[in-house]
Amino acid sequence: MEGFQAKLKYYNAQADKELSKYPQIIKLEQQVGVPKTYLAAGVVGFVSFLIFFDVWGQLLSNLIGWLYPAYTSFKAIESTEKSDDTQWLTYWTVFGFLNIIEFFSDTILYWIPFYYLFKTVFFLWLFLPPFKGAQVLYAKFLRPFLIAYQGDVDSSLNKLKSKVNEATKEAMNSVVDSVSSDRSDKTE
């Protein structure tokens with residue numbers, strides 16, 4: 001039991017150290033008189049409760065999968081370091097791929113008990129620095145697939161780009177011709 005309490009105190013101290021980096025949390029702690037680690041645990045517990053019982057489960061799960069990664073992506077863009085850019089580009093590539101899969105399998109996944117809880121834990125595994133699950137999925141599954149079909153995808157995209165350019169030119173020529181003929185009709 002003492003080992004458990006020692007670990008709990010250690011994690012509480014680590015969380016307190018991390019939470020002390022945010023002046024708003026310190027101010028809230030002073031206003032309500034509750035330690036910031038308890039406040040954070042309460043928020044995490046409440047959000048987990050909502051997700052567990054699927055009260056706004058989809059919204060909260062997607063917010064968790066977006067909010068922290070979006071903010072840290074912003075910080076990575078603003079930094080001069082390249083490794084954090086790669087980490088977050090990898091995350092967003094995997095995140096987008098998983099959202100497309102979820103879109104097509106949503107009616108099946110919805111019936112899985114505690115789906116949004118599992119999804120939230122999965123998102124945490126994907127983006128939290130100790131795990132970096134997005135890099136694992138990218139390296140083992142997504143990257144080999146994309147490399148295998150890169151030539152085909154590039155060729156298809158170039159054909160599509162060419163067709164869009166042609167259609168745009170035709171549309172612009174049609175508009176110019178229409179405007180020109182309207183002006184010549186009015187001057188006659």
Side-chain angles (χ1 to χ4, degrees), residues 11-32 34-110 112 114-147 149-150 153-154 157 160:
Y11 289 125
N12 188 38
Q14 289 297 107
D16 188 63
K17 180 180 169 184
E18 286 298 314
L19 292 169
S20 293
K21 295 177 183 177
Y22 304 98
Q24 301 89 347
I25 295 175
I26 294 170
K27 185 178 178 182
L28 180 64
E29 177 185 40
Q30 292 167 348
Q31 288 175 341
V32 297
V34 176
K36 56 188 159 290
T37 53
Y38 294 176
L39 291 171
V43 169
V44 168
F46 182 66
V47 169
S48 298
F49 174 83
L50 291 175
I51 293 171
F52 184 82
F53 289 106
D54 198 13
V55 178
W56 302 328
Q58 183 177 15
L59 173 67
L60 292 171
S61 180
N62 287 332
L63 267 175
I64 289 168
W66 175 80
L67 196 61
Y68 175 78
Y71 181 69
T72 50
S73 295
F74 155 74
K75 287 173 61 175
I77 291 167
E78 297 301 318
S79 77
T80 56
E81 197 175 320
K82 183 185 179 315
S83 65
D84 56 358
D85 296 352
T86 303
Q87 175 188 351
W88 293 109
L89 279 170
T90 304
Y91 172 79
W92 290 115
T93 302
V94 171
F95 181 83
F97 179 73
L98 293 172
N99 274 312
I100 289 173
I101 290 173
E102 184 183 37
F103 175 79
F104 290 107
S105 58
D106 194 35
T107 53
I108 296 167
L109 295 174
Y110 181 76
I112 296 175
F114 312 116
Y115 168 68
Y116 292 114
L117 181 64
F118 293 132
K119 180 181 172 183
T120 303
V121 170
F122 185 66
F123 278 154
L124 293 171
W125 177 76
L126 285 177
F127 70 70
L128 285 176
F131 307 113
K132 293 186 181 178
Q135 280 78 355
V136 172
L137 286 182
Y138 179 78
K140 288 191 178 195
F141 301 105
L142 202 52
R143 184 175 187 272
F145 176 79
L146 291 172
I147 287 175
Y149 293 100
Q150 183 176 5
V153 171
D154 287 344
L157 286 175
L160 179 63

Looking only at heavy atoms, which two atoms of [X] and [Y] are closest? And how far apart?
X      : Y      : result
Pro144 : Ala139 : CD-O, 3.5 Å
Ala70  : Trp92  : N-CZ2, 3.5 Å
Ser61  : Ile51  : N-CD1, 4.4 Å
Glu29  : Pro35  : OE2-CA, 3.3 Å
Val47  : Ile64  : CG1-CD1, 4.0 Å
Leu19  : Lys36  : CD1-O, 3.5 Å

Answer whether the closest heavy-atom distance between the side chains of [X] and [Y] falls below 4.5 Å.
X      : Y      : result
Leu146 : Gln150 : no
Leu142 : Phe97  : yes
Phe103 : Asn99  : no

Compute the ring centroids of [X] and [Y], then answer whether they are less than 6.0 Å apart.
X      : Y      : result
Phe127 : Phe123 : no
Phe52  : Phe114 : yes
Tyr91  : Tyr138 : no

Measuring from atom [atom1] of [X] to atom [atom2] of [Y], what distance do you get when rounded to the nearest 0.5 angstrom?
X      : Y      : atom1 : atom2 : value
Asp84  : Ser73  : CG    : OG    : 9.0 Å
Lys132 : Leu137 : NZ    : CG    : 14.5 Å
Gln24  : Gln31  : CD    : CD    : 11.5 Å
Ile26  : Lys21  : CD1   : NZ    : 11.5 Å
Asn62  : Glu102 : CG    : CD    : 6.5 Å
Phe49  : Leu117 : CZ    : CG    : 12.5 Å

Chi angles and distances behind the ring pair (Phe, Tyr, Trp, His ring centres under 6.0 Å) call for Tyr115, Tyr110
CA-CA 7 Å; Tyr115 168 68; Tyr110 181 76; 8.5 Å; no
Identified side chain to side chain contact (heavy atoms under 4.5 Å, CB included) counterpart of Phe122 within the set Thr120, Leu126, Leu124:
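Testing each of Thr120, Leu126, Leu124 against Phe122, the sole residue satisfying side chain to side chain contact (heavy atoms under 4.5 Å, CB included) is Leu126.
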Pair Thr37, Asp16: side-chain N/O donor-acceptor within cut-off below 3.5 Å
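No, no side-chain donor-acceptor contact under 3.5 Å.
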Could you check Thr72 against Trp88 for side-chain contact (heavy atoms from CB on, under 4.5 Å), going step by step and ending with a plain yes or no?
CA-CA 8 Å; Thr72 50; Trp88 293 109; 3.1 Å; yes
Working note: Phe145 + Tyr149, criterion ring pair (Phe, Tyr, Trp, His ring centres under 6.0 Å); need CA distance, chi angles, decisive distance, verdict.
CA-CA 6 Å; Phe145 176 79; Tyr149 293 100; 5.1 Å; yes
Can Ser79 and Glu81 be said to form a side-chain hydrogen bond (donor to acceptor under 3.5 Å, both in side chains), step by step?
CA-CA 6 Å; Ser79 77; Glu81 197 175 320; 5.6 Å; no
Heavy atoms from other residues, nucleotides or ligands near CG of Leu160 exceed 12 (cutoff 6.0 Å)
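Result for CG/Leu160: enclosed.
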